[in-house]
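Throughout, protein chains are lettered first and strands after them, A, B, ... in sequence-line order, and every chain is numbered starting at 1.
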There are 2 protein chains.
Amino acid sequence: MSKQTIYYTLTDEAPALATASLLPIFSAFAKEADISLELTDISLASRILAAFSDRLPADKQAEDGLKFLGDLTANPEANIVKLPNISASLPQLYAAIKELNAQGYDLPNYPENPQSDEDKDIQARYSKVLGSAVNPVLRQGNSDRRAPAAVKGFARKNPHSMGKWSKTSISHADYMRDGDFYSSEQSVTMPSAQTINIEFVAKDGSVDVKKSLPVLEGEIIDSMKISCTKLRAFFEKSLEEAKADNIMWSVHLKATMMKVSHPIVFGHAVTVFFKDVFEKYGDLFKEIGVNPNNGLGSVYDKIQSLPEAQQEEIKQAIEACYATRPELAMVDSDKGITNLHVPSDVIVDASMPAMIRNSGKMWGRDGKAHDAKAVIPDSTYARIYQETINFCKTNGAFDPVTMGTVPNVGLMAQKAEEYGSHDKTFELKEDGVMRVVDAAGNVLMQHDVEKGDIWRACQTKDAPIRDWVKLGVTRARQSDTPAVFWLEEERAHDNELRKKVELYLQEHDTNGLDIRIMNYNDAIRFSMERIIRGKDTISVTGNILRDYLTDLFPILELGTSAKMLSIVPMLEGGGMYETGAGGSAPKHVQQLMEENHLRWDSLGEFLAVAVSFEELGIKHNNEKAKILAACLDKATGKLLDTNKSPSRKAGELDNRGSHFYLAMYWAQELAAQTDNAELAAKFAPLAKELAEKEAAIVAELAAVQGKPAGLSGYYHIDLAEVAKIMRPSNTFNTALASL
Amino acid sequence: MSKQTIYYTLTDEAPALATASLLPIFSAFAKEADISLELTDISLASRILAAFSDRLPADKQAEDGLKFLGDLTANPEANIVKLPNISASLPQLYAAIKELNAQGYDLPNYPENPQSDEDKDIQARYSKVLGSAVNPVLRQGNSDRRAPAAVKGFARKNPHSMGKWSKTSISHADYMRDGDFYSSEQSVTMPSAQTINIEFVAKDGSVDVKKSLPVLEGEIIDSMKISCTKLRAFFEKSLEEAKADNIMWSVHLKATMMKVSHPIVFGHAVTVFFKDVFEKYGDLFKEIGVNPNNGLGSVYDKIQSLPEAQQEEIKQAIEACYATRPELAMVDSDKGITNLHVPSDVIVDASMPAMIRNSGKMWGRDGKAHDAKAVIPDSTYARIYQETINFCKTNGAFDPVTMGTVPNVGLMAQKAEEYGSHDKTFELKEDGVMRVVDAAGNVLMQHDVEKGDIWRACQTKDAPIRDWVKLGVTRARQSDTPAVFWLEEERAHDNELRKKVELYLQEHDTNGLDIRIMNYNDAIRFSMERIIRGKDTISVTGNILRDYLTDLFPILELGTSAKMLSIVPMLEGGGMYETGAGGSAPKHVQQLMEENHLRWDSLGEFLAVAVSFEELGIKHNNEKAKILAACLDKATGKLLDTNKSPSRKAGELDNRGSHFYLAMYWAQELAAQTDNAELAAKFAPLAKELAEKEAAIVAELAAVQGKPAGLSGYYHIDLAEVAKIMRPSNTFNTALASL
């Protein structure tokens, strides 16, 4: 039996810090099953450095960890544990570059308006780092996400807080009724493999080939646009309505993942809300480099180059806008950070569930929670939030104690349906026609477009769809739960998809299974009607709904999506185990820096690594790996039951402390099991030692808290420095080393 | 060919007044096709008189018109045009008795607490007159209701007013989540014809047979209860919630048709809202005969027997209640009549659509429209209103110009499902068990009950269900429209019904038809999603939903349910053509009395009589009848197009004037048609004369308006007197007589 490897990822922010404490534990235990854990750096900083390796001296170069793992996905032996990473917005990219420069890495600035070939090359390299850059590379399979039984059981016994809903709540989701992606979608299924062109035809008839796309037989190609004029009119109308109705206004986008389209949409929200300011200072703003797509923060940032008096004038003009507009939801009312300051601050898939969990309220300038109009321009998915809000107004808040669960099977492989986050999205510079033309020159789809419209295409290959249908049926069978394919009658894309779903369903024995195809509103309503009756329903969805639903339901059911088990059974036979869909938690890092307390919960890692061990055990007939997995799951359950998860409060048990308890319980389970005497004997001393020294270790871990932790890097951390911070208990470290 | 007869009904209030003008026109035209129209009096007054015929002198006796028509329904030749009548509440009954007494009819008072056998007999006779007393006798078939094409077309071209909906409306429907009929329903299908017993078992084990019911093989029997304790707790909670949320409170019941259960429910609403008053003065109120089931009006009425000072004290106590309670919706804010004054003032099937049409608002004390909590205790049907409200908040108000239509096929024959309006509803006097026992002594269903609970049973025979399924399929085929059977998975009754529906559907060719079975919420949502896209959907429902939906959708689509074509194809082969589901319009009578203007719209009568003629034409191969029908429909269309419907304003065209125009257009159509020369020749002079004298006639009809019309009776009208009022144009009368 050859040496087996788990590829563990070093990512960003809280999960990266936690890794410094947790990975040594996993490694120490794993080596007893002849398994090693290899760490691969795919942090934002490392991805930047890799992108510019040829411009850096040898000692400053970084391995391209993402490329390494991407290549690995084609290997049936691949076993990757993927922690959450930053999907960088432009402001985050700027900050990372700044930090790396300060650390002595000679990186060029991001060119906002590249003119030279060199600048264009630089921008192209950075663009590959921005937004959802990691997932499309690694997710070479479809997605299987669910709440593990131990986690669901724990949530039922220890329900998280859930804000009550009033029948008279005025909160709602607001979306475009016309002119959005949903209204304009077209879709075709390719009859043969070929190269198709995305073209812009100008008013003068000239044709500009924007992109050539090789496509496969049976691949679904969609195209759609959002009208700039209608989008801006929608924002204006929704602002006027909110003002008249005296309701707080907030915008919910996904500017990180949908890195091309959504920053533009966000920019329109900013310039419409502050239209008086942008009308008056528009030219000046252009001069000094204000980019509204980067939010109001960009204005405050860039005007610093102006004389004080002029800065003050602009600030007053901004303040004056607030008087003419509805109250704006705040991200941080203490610091005056609004919903329009930073595009990455309000990410719809997390912000809407948070609002729904918080009685439909968002935070106002007064630091209090208020009902809000949640503006989500594209109606494709916005409607599910309105449906949920209506449901909560009618039935009251969901009850974590009694509610069922909605696991997800998501169509994700081979970059399926990564709407708007890719190279097929264009902001139109002039009026004309956008069209998709096949190899023979036939126009497959076309849209009349105007300057400012956002047009995009999207690809979904056939093989992933077939695999996804199979995964849906498998999950329905394994958990004996109804499975609903969310396919909308009024969406061209879904109608193409539906044909394949109906075809591929025939390849499976669905006898005795309850498998349905429903419109989004019907599907979410059906799932919610079941959930309040304690019943489970598998959602089988495309990629965006996978993304949205695996936050929405977990946050309602479990309080966080970080506790979900997230498996990517890869098309080539390997497996990826993702953790912590809840993001990389910048606020946690801030708390660590201020008071050396890390409240990140590594539960997701515990669950993922258990499945990772189990998979190796099955694949390589490694009995010890299977036992490690089973005992890790039991330890996780015990950790939950004994409430040894991190506290939010400095001085109490934090991330490090919970790792200690996991290690102790895991060792105890291994010592107690009778399937493998060798393992039991190996772990018995550690189990004993940790139990005896529990008080001392917990005291050591608590002692360091309450004062700032000195972190010299935020984006580009020094692992040795972080290890010192994250492993402050000599007693624990020594015990672990004795294995 | 024998003489053919249309049985036209004399009912109450506005439609009865209109009949004095319209019937002579129908009769004059009909006799040319050898058809006579016979008038049968089924007014509330005539039904009272018939009930006490044996106690009245010969010259004061009345024929039992309802019995006559009831017998007629068994005749395949039956052709009945049924106008809307009063479903009398107790206060209406009192007023009618008072009026008849004043007219010299020696009728006994209604005994509120009958002790003697005589009083019990009197109460029993009056009980047969109360509530929905007419429909169960006449509706010997299922129901087919739709908006005729001409009416729908007219509404699209001339949309009625429709209040806008705000996304921030706080209006909602509130209903019980537990303890209501919905939560407790049980249902069985009888395996054989037999007599079953409804029994009460007291705590001491004694059994009281409340009712013996002969049932048929295949008949569905349901039982259910509403908990008095939970109902009162629900009212209290909803009042406290409304107070806290600062929303107006209103209660929506059906105290007329559900004449046993809903007055009791209404009474609980009154005594909970005014609980301080009823706690303090409860004993006194009992002494002086206050019946809260008759509303707050009963308090004001009965305290008149008390000394002035005490009256004043009680009135102040009532006023004091308002301060502790949420604002109460008003029926008439000018006169201070609240939602709780009179049980028959707010009838859910009309009041909820009116609220939805009025932006979700009801009227407050200030005479202005406000958002409201609409309290509809039983969740069986209340949920459809909440679904509709959520839909309007999300999608805005329905647009009469573009919306589709929702016709209804209702299961109604042989008194199917007349919940709560019958002799199988009981208010429990003590704790115990209510049960249904079959002939062999087996307990079929049972409920634990407490004092004050309302328990009821319900019967639905098999033959009507089979006929209803057939009618549903027929309508789907004839109008090429999807048909949805509204059957709720969670209702015991509907699950029994569903088995039969699935069975009887197999008797029909449903090839190419879209026939579905859906839960209520899903069904109304499906219908609404279609309606806003201009698509039609047939609702195939039980009787209560027939009642509710044939107000809800018509009021939204057409502004009134009075314009619906309502056909009852009777099981025995005859037909009944019902008009004006919008009620008998007491406000219209008031306007006639004050300013001699009747704004009642006889459109429903025009439509019904046309179908009535058509049916005679087909059945008896009477070509002239068919032509009369076709020309009447055309005349109705022309009347709509030329806006000759009654105005609401005195001095303008009223009911009488619209009858004149109908006659003129009808005569013109008959004169112009070429299918029957005899008829054309017959009507040509009349057409000519009416056209020539149009101005004179309209002037004569207008001249009488603006001053009070002297009506000596309200419930018991003098037809000769009414004829004088309703036929004031000598020119028109003379022309008509010339036929």
- Item | Which atom of A:Ile170 lies closest to which atom of B:Thr168, heavy atoms considered | CG2-O, 3.0 Å

- Which heavy-atom pair separates A:Arg177 from B:Thr394 by the least distance, and what is that distance? NH2-O, 2.9 Å

Over 12 foreign heavy atoms within 6.0 Å of [atom1], [X]:
| X | atom1 | value |
| --- | --- | --- |
| A:Glu489 | CD | no |
| A:Lys237 | NZ | no |
| A:Glu240 | CD | yes |
| A:Asp366 | CG | yes |

- Show the numbers, then the answer: is there a side chain to side chain contact (heavy atoms under 4.5 Å, CB included) between A:Lys167 and B:Ile247? CA-CA 10 Å; A:Lys167 297 185 182 79; B:Ile247 184 172; over 6 Å; no

- Under a 4.5 Å heavy-atom cutoff, which of A:Lys373, A:Gln386, A:Lys393 has the most pairs with chain B? A:Gln386

- Query: What part of B:Phe526 lies closer than 4.5 angstrom to a heavy atom of chain A: side chain, backbone, both or neither?
  - Reply: neither

- Message: Which atoms of B:Asn246 are under 4.5 Å from chain A, going by heavy atoms: the side chain, the backbone, both sets, or neither?
- Response: neither

- Query: Which answer fits A:Arg383, side chain, backbone, both or neither, if we ask what part of it has an atom under 4.5 Å from a heavy atom of chain B?
  - Reply: neither

- Query: Is chain B contacted by the side chain of A:Asp371, its backbone, both, or neither, given a heavy-atom distance below 4.5 Å?
  - Reply: neither

- Message: Apply side chain to side chain contact (heavy atoms under 4.5 Å, CB included) to residues A:Glu529 and B:Asn521 and explain how you reach the verdict.
- Response: CA-CA 11 Å; A:Glu529 293 283 358; B:Asn521 273 344; 4.2 Å; yes

